[in-house]
Every structure is written in C-alpha cells, then in structure tokens.
Amino acid sequence: MAVVDDRGQSDYASEAPPSEAPGEDFGRQPPQDMAAEQSVLGGMLLSKDAIADVLEVLRPGDFYRPAHQCIYDAVLDLYSRGEPADPVTVSAELDRRGDLKRIGGPPYLITLTQTVPTAANAGYYAEIVAEKSILRRLVQAGTRIVQFGYAGADGQDVAEVVDRAQAEVYEVTERRTSEDFLPLEELLQPTMDEIDSIASRGGISLGVPTGFAELDEITNGLHPGQMIIVAARPGVGKALALDTALPTPDGWTTMGEVMVGDHLIDAHGKPTRVVATTDVMVGRPCYEVEFSDGTVIVADAEHQWLTDTRASRKSAQAAAVGYNRTRNQRTHPEVRTTEEIARTVRCNTKDARINHSVNNSGAIQLPEQELLVPPYTLGAWLGDGTSAAAQITSADPEIITRIEAEGLQVTASSSAALRYVIQLPREAVDSKSCVVCGKEFVPFPLHVRTCGQSCGGKARFMSEPVAASVCVDCGAPTTGLHRCQACRTSIGSVQARLRTVGVLGNKHIPTQYLRSSENQRRALLAGLLDTDGTVTAGGSAQFSVTSERLVRDVRELVVSLGYRVQMSTRRVKGRTESSSTAYTLTFSSEDVVFGLHRKQMLHKERRAASSTVRSGSRFIVDVRKIESVPVRCVEVDNAEHLYLASESMVPTHNSTLSMDFMRSCSIKHGMPSVIFSLEMSRTEIVMRLLSAEAKIKLGDMRSGKMTDDDWTRLARRMSEISEAPLFVDDSPNLTMMEIRAKARRLKQRNGLKLIVVDYLQLMSSGKKVESRQQEVSDFSRQLKLLAKELECPVVAVCQLNRGPEQRTDKKPMVSDLRESGSLEQDADMVILLHRPDAIERDDPRGGEADLILGKHRNGPTATITVAHQLHLSRFVDMARG
C-alpha cells in the first residue's frame with residue numbers, strides 16, 4: 001500500500017512513476033476563459049453599445065468568477081435605469097451593495113477597462129463566455145447523468161432515468177440557470193408589462209389564437225404552460241359484432257375478446273398492435289354485409305369499409321391501359337360506411353350491376369417456424385396419406401421426389417402397390433477401432449468398445465469404461481441409442497412426429513402450420529393440391545375432400561395467402577354419412593400454387609385464356625338490415641387503420657377541432673406547431689389541412705373527383721400552406737418519453753408555440769401498470785409538466801365515455817372524460833364538443849356545433865356556437881348579423 005502525506009505526495013519520491021499516467025481530464029478546471037470574461041466587462045464599462053450587444057447573449061450565471069457575476073449584475077442594473085455604467089458609477093453601485101471589496105475594489109474595475117483590446121468586439125467576447133458556460137453546464141449535466149445511471153442500476157425505472165437524462169441535456173441547450181425561484185418583486189414588472197400589452201392590443205392576449213373569435217375573447221388565446229383538453233364522443237361507432245372472428249399471428253380471437261396490446265393482422269398481412277378498444281355498444285343500427293364468396297359480417301351502420309366502386313374500377317382499368325392519360329387522373333377507392341354501401345349496393349343502371357368491392361388482403365407475413373414434419377410432406381400426406389400411419393399412396397413419382405427433397409426417406413411398401421412408407425433418414429454412425437484388436441467396426445449400441453467375438457472379455461483390461469450415451473435431442477441418458485425413449489416416442493420417426501403434431505388419425509392442419517412463414521404455407525398448399533387438387537377449365541385451382549375439418553383448414557390456408565376462395569358441396573357415395581359430402585374449394589391466382597410440373601403448366605395455359613381482373617377482390621352482393629346486436633371496435637397502429645375480420649380475412653377500417661387550432665397557429669399566424677397523431681396517418685392529416693384551407697371537399701379529394709376549380713384553389717393555397725411551420729409525427733405506439741424528447745428538439749430548433757396530441761387514450765406507456773386509469777392519469781400529469789417545461793400550450797384530444805348518450809339532452813359534461821378523473825384536475829381548460837345533428841339527423845340546429853368551455857382556470861366558462869363544415873374537415877365561426 002502506498003504511503004502519502006496530507007498533500008497527496010508519496011514518501012518514496014525516488015520510486016519510478018507509475019506505469020499508467022493519469023487521464024487527460026485528471027485535475028482539470030471547468031471550461032472557462034478569464035481573458036474573455038474580463039474583455040466583456042471592460043467593453044461594457046467603456047461603451048453602452050457594448051452593453052446592448054452583450055445582454056442579448058449572456059446572463060450573470062454565465063461568468064465563471066463570482067466577482068464578474070457581481071460586476072455584470074451591477075452594470076445591467078445601471079443600464080436598465082438609464083444611468084451611465086463606467087468604472088466610477090459601477091464602483092459606487094457595488095459599494096452600495098456591499099460587494100466592492102469582494103470584486104477587488106475600484107482598481108480592478110480600472111484593470112478591466114485597460115485589459116479589453118477594443119469595446120467594439122464585446123459581442124464576440126460574450127459568445128466565447130457563453131460557449132464556456134454551456135460547456136460547464138454540460139460537464140455538470142454529465143455528472144448528474146452518471147449519477148442517474150448508477151441510480152437506475154439500483155432498481156429505478158429505466159425509462160424515467162433516460163427521460164431525466166434527456167431533460168438535463170435539454171436544460172443545457174436551453175441555457176437555464178440552476179436557480180429557478182424568483183422573488184415576487186422581480187415577477188411584478190413582467191406581469192405588469194403583459195397586462196399593459198394586452199390592453200394596448202385591445203384585449204387580445206399574446207397567446208396562440210384559436211381561430212374562433214368568441215373563444216379567443218373569453219380565453220385570450222392559448223397560453224404557455226397551459227394544458228387544454230378537447231374532448232368529444234367518437235364521431236362514428238365503426239363497430240363489428242362481438243362474435244366476429246379476427247385472425248391473429250398466433251391463431252384467432254373475436255371482437256368481444258380482443259384486448260389492448262393484442263396483435264391482429266393488417267391489410268398487408270403484417271401483425272398490427274391493438275392500441276385501443278371501445279366499450280360494448282348496444283342499440284345501434286346493424287346490418288349483415290354479404291360478400292361474393294359467401295362471407296357474412298355483421299356491422300353497425302357507421303362501420304367503415306375501404307371499397308372500390310364500378311366507377312373506380314373502370315377508371316383504374318382505363319388508367320392501366322393509358323386510356324385516360326390526357327387527364328392523368330383516376331377515381332380511387334374510398335372509405336364508406338355500412339349505411340352508405342347499403343344505399344348504393346347496386347349501380348343505378350338498367351342492369352343494376354353490383355357496385356362495391358373490397359380488395360383482398362396481402363399474404364400474411366410471419367416468421368419461419370420449426371416444423372416437425374416438412375410442409376410439403378404434410379400436405380401430400382393429408383391429401384393421399386394413410387390416416388393411421390406415415391404412409392402415402394401415389395402414382396406420381398414426382399411427388400415422391402419432392403418429399404425426398406425435404407430430407408425424408410421414402411421406400412415402397414411390400415404390402416400394397418403404389419404405397420410408400422415415409423421415414424426419417426437413417427442416422428449415420430461413425431466407425432471406431434476395437435480397443436483390443438484395433439479392427440474397424442460400427443458400434444451398436446453406441447458405447448460398445450470392441451468388435452465382439454473374443455475381444456469382448458479383454459476390454460476391461462485394455463481401456464477405461466466408456467461413458468453412457470446421451471440423447472442427441474434432449475441430452476438425457478440412453479441405452480446406447482441416438483435418442484432416449486421419450487424422444488423416440490415423440491420425434492423418433494415420421495409417424496411419431498405426425499402423432500405429436502396431432503394429425504395421426506385426425507387429419508387437419510395444425511395452427512403452427514397455418515401461422516408459419518409464407519414460403520412454408522405455399523409448400524403446404526402445393527402438397528395438398530398435388531394430391532387432391534385439379535385445374536378447372538377456366539384456369540382456377542380446385543381442392544376437393546370429404547373431411548369438413550380439413551377443408552376449412554385448407555380454406556384458411558388459401559385465404560392467408562391473399563386469395564379469394566369459394567366453397568361448394570355435393571353428395572357422393574361414402575361409407576358413412578360424414579364421408580358422403582364432398583367439399584370443394586375454388587380460387588384463382590396467377591401465382592405458382594402447384595408443385596407438380598404438369599399441373600403447373602396446365603394451370604398456366606388455362607389461366608392465359610381466362611380473365612384475371614377480379615380475382616384480387618370480393619364483391620359486396622347484399623347489405624341487409626337486421627335487429628341490433630352488441631357491437632365493439634378496436635384501434636390498430638398501422639397507417640391505414642385497417643385490420644382483417646372474419647374467417648375470410650376481409651380488410652376493414654377502424655376507428656377536428658385540434659386541427660383548426662393548428663391551422664390558426666401555423667398557417668394564419670406563422671407560429672410553429674406540432675401534432676403527434678396516434679390515430680391518423682400523416683397523409684390523412686395533410687389531406688384534411690388542404691381540404692380545410694383550400695375549401696375542397698375531403699370526399700372529392702380522396703376519391704379523385706376534384707374539378708378544375710378545385711385544382712386552381714389548391715394551387716393558389718399551396719404556397720402559403722407549404723411555408724407554414726407545422727410539423728406532423730404519426731409514429732405508432734408513441735410513449736410520453738418519446739413525445740417529450742421530440743418536443744424538446746422542436747422547441748430548441750424552431751421555437752415551438754403549440755403541441756397537439758391526438759388522442760390521449762391511444763398513448764402507451766411501454767410498461768406494466770396497475771390499471772388503465774392510473775396510466776392515463778400519469779399521461780395527464782406529464783403533459784401538464786411538458787407544457788410548463790417548454791412554456792407552450794399543449795392541446796390533448798380525448799374521448800368521452802358513454803355518459804352523454806344516457807342523458808336526455810345528450811350534452812357532454814367535464815365528468816364524462818374517459819378513463820381518468822385526473823384529466824379534469826390537471827387541465828387548465830376543458831373544451832367539450834357537442835354536435836346536435838350527430839345524435840338526431842333532423843335536428844333544427846343542423847350544421848351547428850357547441851364548444852362547451854366546461855373548465856377555465858383563468859376565466860369564466862361559456863358555450864360558444866360554431867358552424868361545422870365536416871365536408872371541408874373544419875369548424876368555423878358563425879356568421880354575425
């Protein structure tokens with residue numbers, strides 16, 4: 001152990017220095033520049049113009065020496081009173097404060113004036129001092145972040161630790177001082193200045209204008225640090241019956257069982273997370289929607305579907321062949337409600353053709369599975385295999401070849417013609433030398449040491465006993481074989497594997513295969529079609545079998561690959577009643593779905609002579625009104641808001657005032673704003689903004705029906721809209737920490753004036769919580785703290801519970817805020833949106849909406865009536881007579 005004195009010096013001065021020198025940061029002072037600090041102060045003492053340049057850059061805390069902070073403070077105080085600031089007056093001011101001796105007396109002030117090279121460069125010297133100050137705060141922040149990291153290692157929540165670390169760095173760049181408290185006397189003057197400014201502007205505050213004159217008169221705009229809640233019942237129900245089947249990456253669920261955090265499948269076949277669910281709704285108008293493939297889905301009147309019409313299909317066909325290239329425009333698919341489809345289910349033509357169609361989903365995209373039986377082999381066995389054994393009957397040698405290509409061994413059966421036994425490949429056993437005579441031999445069992453004969457009895461004198469063999473799969477001891485008894489029973493043969501996956505004696509497709517990768521499912525389908533599949537005269541693929549369970553599994557398999565399939569039945573002669581019905585599946589595809597070369601060629605030839613225009617969609621053939629049933633809907637996190645419903649996996653859609661606030665803030669007044677949208681995609685948001693600003697119907701914009709006048713208005717407004725400092729973030733699954741981090745960056749770079757979160761109930765914390773109410777309460781508190789930290793208003797869009805629907809007047813109340821009472825408690829302002837004509841279509845106040853200011857911390861509550869122009873995706877002030 002080294003011996004050191006009280007100055008840290010070793011008693012062994014003659015010893016060689018240690019091999020590792022101290023790091024370059026060892027013993028360093030915090031970043032500073034004494035000459036720059038002296039030059040700044042000297043310039044300010046020589047020129048009042050220098051004071052004006054410096055005060056925009058520096059604060060008292062930016063100086064490293066406390067004496068310099070005192071001098072700077074005194075200079076600013078004199079300057080603010082309009083008095084001269086020179087060595088004499090500053091000396092007198094410091095003397096009155098009792099700080100003159102602390103700074104070194106009047107001689108030090110004279111030294112400062114003699115040190116400065118030129119007062120004209122004081123602003124540049126100030127920037128040097130400011131940079132050093134930032135570096136010092138960065139060092140301090142780094143030290144605190146290190147402490148946070150060690151505290152996190154002791155069990156604190158990692159997300160909170162990271163958020164605190166980000167806040168430390170943000171405070172460095174924001175150049176905040178560590179002393180946040182101020183005495184009342186320092187706060188009075190800024191407050192009086194704001195009151196005077198409001199009066200001079202005729203009562204208009206410096207807050208962010210909302211765009212509604214009457215609301216601005218009451219609130220004076222949205223102010224920094226405020227949290228404003230904008231709440232309403234969802235505009236439409238968009239719900240399906242509780243027993244509607246929903247495909248998941250692991251199998252199936254129902255609309256009544258699905259929970260937040262579960263995963264469904266989107267229209268492109270990819271897993272999509274459920275971020276919100278509605279309550280079970282009763283008493284809603286309901287319909288049965290029947291599709292051309294026989295699928296029937298029960299939905300309420302306001303459920304939404306992305307459909308093509310006959311007009312959009314003809315337009316797409318014309319665009320594909322270049323027929324309408326002069327217009328360079330086509331009619332697009334459009335989101336429509338069940339009620340709208342019911343009114344236009346057939347075209348208004350003499351032949352009353354079917355109008356609406358829904359495109360098929362893409363093939364489900366899932367990771368590859370480890371399958372005990374290769375997929376093609378299982379498909380071929382399900383088609384032509386012996387139910388009780390790993391045997392298959394086939395007259396086509398190509399099928400046998402394809403099974404062998406998957407790594408299995410196929411041998412002809414001696415008991416029946418055209419029957420083959422499927423086995424695992426024989427496992428190779430390495431030869432070894434006899435420990436007695438040295439002769440090469442193949443051991444069996446594996447632990448045998450000698451070649452047998454007379455060598456067996458001599459082995460114990462020639463070598464140590466060989467350790468017992470272990471199972472190649474589970475590592476358990478064996479009796480000298482490759483596998484233990486348990487593994488031989490479960491996976492030791494193809495027949496054992498068929499038994500393990502549950503198909504031996506019960507032919508069906510296990511869920512693991514139905515949710516395997518696309519390539520594995522295509523191989524499975526090829527095995528089924530090669531054995532029990534045919535090609536129709538029209539070029540479609542057809543699969544026929546007498547097992548109802550197997551045919552339903554094959555139907556799900558075909559649908560999961562993105563094909564529309566139809567099922568039919570016919571009576572056949574069978575041994576039992578259950579085997580006397582043949583089920584036939586028919587589907588069309590240009591893909592290679594067969595494995596056999598001859599069937600591939602036949603399928604290709606017949607497809608070439610048949611139209612394939614409508615094979616990628618299914619038609620809505622009827623929409624029938626039925627008695628109301630309980631319904632429910634979910635919100636998913638993909639940009640298109642689509643998920644698959646029913647056993648046929650039909651793509652269906654899920655579930656504006658804040659947008660008007662943003663338009664007023666950024667487009668009309670040029671103030672930077674950001675919307676964090678967890679509901680709408682960025683394209684949908686921009687489309688709504690363009691519709692509102694250019695006064696073009698949103699439906700026309702989406703369906704491609706814009707007129708030349710619409711295009712002219714849009715072009716006229718584009719330049720102004722494009723220059724607006726408005727930012728959009730539609731990232732799914734945004735957490736509060738991510739919103740804070742992104743908002744801080746925008747505040748630093750762009751001077752953010754308004755934050756909109758749409759909507760609060762879709763946010764996730766990314767961690768386990770006791771209840772959803774507690775989670776939403778936490779979001780509410782954090783949004784309020786974010787508004788205070790960034791000094792800009794935060795508008796949070798929320799949903800109301802079903803309270804208004806249970807009251808006679810249907811008007812919402814602040815207590816109706818969904819999932820948490822903390823929203824009402826934390827908010828500075830709560831604006832409730834009420835549309836009378838949304839409840840009663842024939843209401844005499846049609847076209848009007850009430851903005852109910854249910855809570856106003858800084859003023860009175862009131863109800864402001866505005867006009868809704870939802871076709872233009874906006875609200876506007878009522879015309880004043």
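As the structure is a computational prediction, the values presented were derived from the model and not from experiment.
Counting heavy atoms from C-beta outward, Arg137 and Asp62 have side chains that approach closer than 4.5 Å. Looking at Asp33 and Val129, their side chains never come closer than 4.5 Å, going by heavy atoms from C-beta outward. Proximity of Ser673 to Phe727: side-chain heavy atoms (C-beta onward) are nowhere separated by under 4.5 Å. Between Leu832 and Val830, some side-chain heavy-atom pair lies under the 4.5 Å cut-off. No side-chain heavy atom of Ile228 sits less than 4.5 Å from a side-chain heavy atom of Asp828. For the pair Leu58/Tyr72, a side-chain contact is recorded, criterion being any heavy-atom separation below 4.5 Å from C-beta on. Ile71 has its side chain out of reach of Phe63: every pair of non-hydrogen atoms, C-beta onward, lies at least 4.5 Å apart. Residues Val795 and Ile755 have side chains not in contact (no heavy-atom distance under 4.5 Å, counting atoms from C-beta outward).
Partners of Asp86 according to the salt bridge (Lys or Arg N to Asp or Glu O under 4.0 Å) rule, which considers only residues two or more places apart in sequence or in another chain, do not exist here. Scanning for salt bridge (Lys or Arg N to Asp or Glu O under 4.0 Å) contacts around Arg65 gives an empty result, with sequence neighbours left out.
Of all non-hydrogen atoms in Pro117 and Ser39, the two that sit nearest each other are CD-OG, 3.8 Å. For the pair Thr113 and Leu45, the tightest heavy-atom approach, listed with the atom from each and the gap, is CG2-CB, 3.8 Å. The minimum heavy-atom distance between Pro106 and Ser91, with the atom names listed, is CG-OG, 3.6 Å. Nearest approach of Pro84 to Leu78, heavy atoms of both residues: O-CD1, 4.0 Å. Residues Glu93 and Ala74 share a closest heavy-atom pair of CG-CB, 3.9 Å. The nearest pair of heavy atoms linking Ala827 to Arg857 is O-NH2, 3.3 Å.
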Could you please spell out the steps behind the side chain to side chain contact (heavy atoms under 4.5 Å, CB included) verdict for Met829 and Leu853?
CA-CA 7 Å; Met829 200 184 301; Leu853 190 56; 3.3 Å; yes
Derivation and outcome, side chain to side chain contact (heavy atoms under 4.5 Å, CB included), residues Lys132 and Tyr64
CA-CA 9 Å; Lys132 298 298 182 183; Tyr64 179 67; over 6 Å; no
Are Arg96 and Asp77 close enough, and set up right, to give a salt bridge (charged side-chain N to carboxylate O under 4.0 Å, His left out), and what steps lead you there?
CA-CA 13 Å; Arg96 280 195 298 269; Asp77 197 17; over 6 Å; no
Start with the C-alpha gap between Tyr125 and Thr118, add the side-chain angles, then the distance that decides, and say whether side chain to side chain contact (heavy atoms under 4.5 Å, CB included) holds.
CA-CA 10 Å; Tyr125 306 145; Thr118 172; 4.0 Å; yes
Could you walk me through whether Val75 and Leu41 pass side chain to side chain contact (heavy atoms under 4.5 Å, CB included), step by step?
CA-CA 9 Å; Val75 171; Leu41 295 174; 5.5 Å; no
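Atom NE2 of His856 is separated from atom CD1 of Ile831 by 9.0 Å, given to the nearest 0.5 angstrom. Distance check, rounded to the nearest 0.5 Å: CG of Leu754 to CD1 of Ile675 gives 9.5 Å.
Contacts classified as salt bridge (Lys or Arg N to Asp or Glu O under 4.0 Å) and involving residues 102-121 (residues at least two apart or in different chains) are given here: Asp99-Arg102.
Exactly one of Gln38, Glu37, Met44 qualifies for a side-chain contact (heavy atoms from CB on, under 4.5 Å) with Val40. That residue is Met44.
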